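The structure displayed is predicted, hence computed values, not measured ones. Below, all heavy atoms of this structure are taken into account, side chains as well, without hydrogens, waters or symmetry copies.
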Amino acid sequence: MGMTRQRKLILDYLRRTDSHPSAVEVYDRVRKTLPRISLGTVYRNLETLRRQGLIRKVETYGGSRRFDGTVEDHLHVICTNCGKIRDVEAAAGIKQEVFKKVESDFRITGVKLDILGVCPECTQK
């Protein structure tokens, strides 16, 4: 699939932000440049970008879906109070240790680990 103007704007936004926005937040941001874009178009383009491996979908604590423009291996720390997500650099050894401990006939393709906690802003409230 080609890179449409809408898709490029969405991808550029996700690569520039570290806030892990929801689809609605992406829509609100992209609409500033493309006022006639629909929420459905944003959802479809997010899914296409995810399938192409250009972005990640992050399932957060509580089930909401957020999007991440960083596709390199890393972990997330998620606030269980407000849902804020921050990237945490993954130590290369984590994957290797997990892979060594898996004793099954599965072909391991990745590891998903989320760290849960309460962010500094929520702690101060």
Original post:
Please walk me through it: do Arg7 and Leu54 pass side-chain contact (heavy atoms from CB on, under 4.5 Å)?
Top reply: CA-CA 11 Å; Arg7 199 168 296 143; Leu54 298 173; over 6 Å; no
**OP:** Carefully, step by step, assess Arg44 and Thr41 under the rule side-chain contact (heavy atoms from CB on, under 4.5 Å).
**Re:** CA-CA 5 Å; Arg44 283 189 299 280; Thr41 298; 3.2 Å; yes
Original post:
Asp87 and Asp68: side-chain contact (heavy atoms from CB on, under 4.5 Å), yes or no, with the steps?
Top reply: CA-CA 9 Å; Asp87 290 339; Asp68 191 347; 3.7 Å; yes
Original post:
Taking it one step at a time, do Gln6 and Leu34 satisfy side-chain contact (heavy atoms from CB on, under 4.5 Å)?
Top reply: CA-CA 8 Å; Gln6 294 96 333; Leu34 293 175; 3.7 Å; yes
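Contact between Phe67 and Ile55 at its shortest, heavy atoms only, is CD2-CD1, 3.9 Å. The shortest non-hydrogen separation linking Ser19 to Tyr13 is OG-OH, 4.3 Å. Taking every heavy atom of both residues into account, Tyr43 and Ala23 meet most closely at CE2-CB, 3.4 Å. In this structure, Ile10 and Val42 approach most closely via the heavy-atom pair CD1-CA, 4.1 Å. When every heavy atom of Thr70 is checked against every heavy atom of His74, the shortest pair comes out as O-CE1, 3.1 Å. The shortest non-hydrogen separation linking Cys119 to Cys79 is N-SG, 3.3 Å.
Of the candidates Glu59, Lys84, His76, Glu25, Glu25 is the only one forming a side-chain contact (heavy atoms from CB on, under 4.5 Å) with Arg66.
Atom CG of residue Asn45 and atom CD of residue Gln52 lie 9.0 Å apart, to the nearest 0.5 angstrom. Here the CD1-OG distance, from Ile85 to Ser64, works out to 6.5 Å after rounding to the nearest 0.5 Å. Annotation: the span from Leu14 atom CG to Leu46 atom CG amounts to 6.5 Å, rounded to 0.5 Å. Distance check, rounded to the nearest 0.5 Å: CG of Asp12 to CZ of Arg29 gives 11.0 Å. From Leu116, atom CG reaches atom CG of Asn81 across 12.5 Å, with rounding to the nearest 0.5 Å.
Within 6.0 Å of NZ in Lys8 there are 12 or fewer heavy atoms belonging to other residues, nucleotides or ligands. Within 6.0 Å of CG on Asp18 lie no more than 12 heavy atoms contributed by other residues, nucleotides or ligands.
Salt bridge annotation for Arg50-Glu47: present, with a cationic side-chain nitrogen under 4.0 angstrom from a carboxylate oxygen.
The hydrophobic clustering, which links ILVMFWY residues whose side-chain heavy atoms are closer than 4.5 Å, places Val88 and Val71 apart. Hydrophobic clustering (ILVMFWY, side-chain heavy atoms < 4.5 Å, transitive): Val77 and Val118 are in distinct clusters.
Using a 4.5 Å cut-off on side-chain heavy atoms (C-beta onward), Thr33 and Arg5 make contact. Side-chain contact check for Ile78 versus His20: every heavy-atom pair is 4.5 Å or farther apart.
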